[in-house]
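Worksheet: one structure, shown below.
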2 protein chains.
Amino acid sequence: MFYMQELPLRAGGVFDDDALDLTVPAVAAQSSTLAELCTLLDITAELQNHQHLRLRHVRVHRDQTLYRAGQPFKQLYAVKAGVLKAVVLDVNGREQVVGFPMKGSLVGVDGIAYGQHMVEMVALCDSELIVMPMSTIRMLGRCCPGFSRGIYYAMSGELARELSVNMRRGLSTKARLGRFLLDLADRFAAMGYARSVFNLPMPRSDIGNYLGMAQETVSRALLSLEEDGLISLSQRTVCIHDAEALLTLKRLPRHRARQT
Amino acid sequence: MFYMQELPLRAGGVFDDDALDLTVPAVAAQSSTLAELCTLLDITAELQNHQHLRLRHVRVHRDQTLYRAGQPFKQLYAVKAGVLKAVVLDVNGREQVVGFPMKGSLVGVDGIAYGQHMVEMVALCDSELIVMPMSTIRMLGRCCPGFSRGIYYAMSGELARELSVNMRRGLSTKARLGRFLLDLADRFAAMGYARSVFNLPMPRSDIGNYLGMAQETVSRALLSLEEDGLISLSQRTVCIHDAEALLTLKRLPRHRARQT
DNA sequence: CGAGGCTTTGAACTGATTCAACCGCAGTGG
DNA sequence: CCACTGCGGTTGAATCAGTTCAAAGCCTCG
């Protein structure tokens, strides 16, 4: 009934709970309190006596996979550090990047609806996530007023982000890229880092795939933005000079050249 | 922090709770039971003694607006009949169609995260929705085991749909259109109608906007699909002949022509 | 230092847009 | 009853934005 289910599901991933622990035996014992989780996800709930409930961490190294499409859904995650990418595998084997979760993002929501994940979640750099088993979420929903609402908020937030992505259709490549940079800037700012200067956590090819353009086009569009004075960049370091202009970039009317 | 908030918000819509009742004074008294709602949204929960709790309906006529971007978020809706379109207004005033909720869809989720709606929800034909105030949802979440989970499911389902839309980037126009048609077919089938023959509820221009192509391109691509024998169409009536082929349409390799 | 991944640059090509005209139908009003 | 108007849809022709292919430059890391 939902055609993404018809994807050619890969063999079960190596990274179910146990395997993960094996890969990072020494440091996997990390955990966070419920209070820390709520801060991270921007949830305000009355935690009652669960304040200090401890939640396991999971670590994934660069290029490692957190979960694959088709794997049974078990739990949600909150990104505590690092950046991941979400990829869906097409019927034809084509890969499509659909998101870059980072600190504060709720990860794994794609698995709730059909009991199995629809995307593959890969780490772009060494990352750390807080594990939130569904049973725990349900328990907290029952006894902590506001917790369910918080999860709703977080999920709605993820949906809002998807919407803002979908909004980019029909824009020129430069405009799409401009908004992408602003989106990253906002997210870095929300994480407490500098808004206007940051490192791109992903290669050009992933940006291109994500935005629906060739990686060569990403290069050229970035260069063009730099020539316009809106940004400056060297390698993966981006500095945003004119956020307003980046946001309002538009396809200029056809038979209309520069004036004065 | 989230740039969609910077949209030029329209003046408050005409259709807050009271205004809506005024527009449809005679028939607005319709309501559904909680059990009916759960069936519609595919929620399986223990409803306890709330089985027959009644939920108000809301009717919107063709081209009327359910809510506008910027309006305060109050409640969710479940589409009981009809088709709507979700539109976001760009900074530049450009409109972007981001979805076509229909029977069984959960509507309004875009408002949860930031307390105000980010999209404008317009009826494509006379439609009827069940109103789900957040207070009711929270109450039911507390006393009906499985209800919160059901809402999570529904939200995750909406997110999955968005993902499948995002997956279409990077495909040719014909392929995007093919998947769009399949998506509609699946949704009609889920609603109990015929899968392979249906009416497009929206004009070509909305399809084009939604898929990120000019409406002329929609025309041409539809014609092309018909010439390939994958569909047949007259006006807004579509008949799908080869769903498999529609799904696997792909950009054929550049320097490679037909063989034998 | 060398290999391989990432990025940039160049040049040809093409799919899609744009602009413009036209068709057909529905509703309106004379 | 029929011209008139407007909207949705189709078709055609010119143009362009972005892709594709190719090659070279540049970092990083073993």
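This is a predicted model, so every value here is computed, not measured. Here is how names work: the chains are called A, B, and so on, in the same order as the sequence lines, proteins then strands, and each is numbered from 1.
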Applying a 4.0 Å non-hydrogen cut-off, can you work out what A/G212 is touching in the nucleic acid: base, sugar-phosphate, or nothing?
sugar-phosphate
Parallel under 30°, tilted from 30 to 60°, perpendicular over 60°: which one fits the rings of A/Y77 and A/Y67?
parallel
Examine A/R169 relative to B/Y210 and say whether NZ or CZ is less than 6.0 Å from the centre of the six-membered ring and inside a 45° cone about the ring axis.
yes
Without decimals, in angstroms, what is the distance between A/E227 CD and C/dT8 P?
12 Å
Is B/T217 near enough to C/dA16 that one of its side-chain N or O atoms lies under 4.0 angstrom from OP1 or OP2?
no
When rounded to the nearest 0.5 Å, the distance separating CD of A/E158 from CG of A/L106 is 5.5 Å
Tell me the interatomic distance from B/L211, atom CG, to C/dG15, atom C1', rounded to whole angstroms.
16 Å
Could you tell me the separation between the CG atom of B/L225 and the P atom of D/dT10, rounded to a whole number of Å?
13 Å
What does B/R236 touch in the nucleic acid at a heavy-atom separation under 4.0 angstrom: a base, only the sugar-phosphate, or nothing?
sugar-phosphate
Gap between atoms CZ and P, on B/R94 and C/dT17 respectively (whole Å):
13 Å
Look at the side chain of B/R220 and the base of D/dG12, then say whether one donor and one acceptor between them are separated by less than 3.5 Å.
yes
If the threshold is 4.0 Å, N to carboxylate O, is there a salt bridge linking B/D126 and B/R59?
no
In whole angstroms, how far is the P atom of C/dT7 from the CG atom of A/D206?
9 Å
Counting only side-chain nitrogens and oxygens, does A/R204 get under 4.0 Å of the OP1 or OP2 atom of C/dG5?
no
Here the distance between atom P of D/dC26 and atom CG of A/L223, to the nearest Å, is 15 Å
Of the candidate nucleotides D/dG18, C/dT17, D/dG8, which contains the atom at the shortest distance from the side chain of B/M213?
C/dT17
B/I130 side chain reached by B/V58 side chain, heavy atoms, under 4.5 Å:
no
Ranking D/dG8, C/dC6, D/dG18 by distance to the side chain of A/T173, first place goes to D/dG18
A/Q215 CD to C/dG5 P, straight-line distance once rounded to whole Å
13 Å
Atom CG of B/L249 and atom P of C/dG15: how far apart are they, to the nearest Å?
14 Å
Can a donor-acceptor pair under 3.5 Å be found between the side-chain atoms of B/E216 and the base atoms of C/dC19?
yes
